[in-house]
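Keep in mind that the numbers below use all heavy atoms, side chains included, and drop hydrogens, waters and symmetry copies. Atoms within a ligand are numbered from 1 in the order they appear, just like the ligands themselves.
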Amino acid sequence: MSSIQTIQVHTTPAYQVSIGPGLLAGCGRQLLPVLGPCHVAVITDSTVAPLYLDTVAASLRDAGFTVSTVVFPAGEGSKNFTTLSTILEALAEARLTRADCVAALGGGVTGDMAGFAAACYLRGIRCVQLPTTLLSAVDSSVGGKTAIDLKAGKNLAGAFLQPSAVLCDTDCLRSLPADVFADGAAEAIKTGVLDDESLFALFEDGTLTAAPEEVIARCVRYKAGVVERDEKEQGERKLLNLGHTVGHAIEKCSDYTIPHGHAVAAGLAIIARASEAFGWAEEPIARRIAACLAKNSLPTGTEFSAEALAEAALADKKRAGSDITLVIPQKIGACELKKVPVTELLPVIRAGLEG
Ligand code: GLY
């Protein structure tokens, strides 16, 4: 396993993100020194289970873990109280104790929901993240955000629970359908706009000009630094929500039929146009961002009206009383937080849709 890259995340608890091939088949051996012998409940969805569940369960058993499994129907529509309750009941049925661990095997929905189950069960047990999509590899598996959606909006019930380890098996990326890969590209492009013009540039001609391992490692290194400085999103971590205020609104307006990365891509293009229109951007950025997203088969706008999006966005967590914090791109590689009155959101979204 010499091609495995590792990144340390210095949070509470501290943990290691491992990135490379073969990590699912070797997960038992990798996790034993981290977790010690215990019962691991592997939680996954109906898409991922046929691909990787047997491999993971066998590897864990071979390493001496007791293993149970929970499989739920794939899709954002499952990220709710009903599925959470099914998972919690299964953990209790399998008699997991506080010494035991949940393993989230899958994409963002699985990581968020299994992580939240781990955070709730017995008031909190350990969790490891085994991301199988580009989106979960570059973003959601790292940083400890866990959640389910409520009727009022996305991720409105959740907890912070840093994983004990993240094993990102890059072999999984080979089997991803193009639109699922594009979903992850949106979060990586977001990271480029936040911090790293050269990362953004890797996506600009539409055929990723670097190994996915390199993209994942660069995104995780950046995110780890932000999360170490602001674990509970009191300040700097809010930057990671670039494109998400409008993105989450698009997801909600579409009844979660538009996938997260696609919605974030549209949200990113919209806030970039608004940033130019309001004179917040230091240089023209909107066309370059939209062109990059389009080259990667991602949307740069939405059919929903500014009014519908603003209404949906105001139920979002980013609102604080009568203000909302927006993440404003200034140039490719630098963004700032801007607190604006909630009444300014509608004109901002309008400008972003029209630009
Ligand atoms: N996905 C944004 C964050 O983890 O803070």
Distance to 0.1 Å, residue and atom name: give those for the protein heavy atom nearest to atom 5 (O) of ligand 1.
-> Arg237 NE, 2.8 Å

Counting both backbone and side chain atoms, is some N or O of Asn241 under 3.5 Å from an N or O of ligand 1?
-> no

Considering only heavy atoms, does Asp139 approach ligand 1 within less than 4.0 Å through its side chain, its backbone, both, or neither?
-> side chain

Taking atom 4 (O) of ligand 1 as the reference point, the nearest protein heavy atom with its distance | Lys223 NZ, 2.7 Å

Just by distance, with hydrogens left out, do Ser59 and Asp62 show a side-chain donor and acceptor under 3.5 Å apart?
-> no

Thr133-Ser136 side chain donor-acceptor pair, cut-off 3.5 Å | yes

How long is the span from the NZ atom in Lys145 to the CZ atom in Phe116, to the nearest 0.5 Å?
-> 14.0 Å

Taking atom types as modelled and ignoring hydrogens, do the side chains of Asn241 and Glu233 form a donor-acceptor contact shorter than 3.5 angstrom?
-> yes

Of all the atoms in ligand 1, which lie at a distance below 4.0 Å from a heavy atom belonging to Leu240?
-> 2 (C), 3 (C), 5 (O)

Worked verdict on Glu307 versus Arg350 for salt bridge (charged side-chain N to carboxylate O under 4.0 Å, His left out) | CA-CA 8 Å; Glu307 288 74 16; Arg350 254 193 212 128; 2.8 Å; yes

Proximity of His244 to ligand 1 by residue part, where a heavy atom lies under 4.0 Å | neither

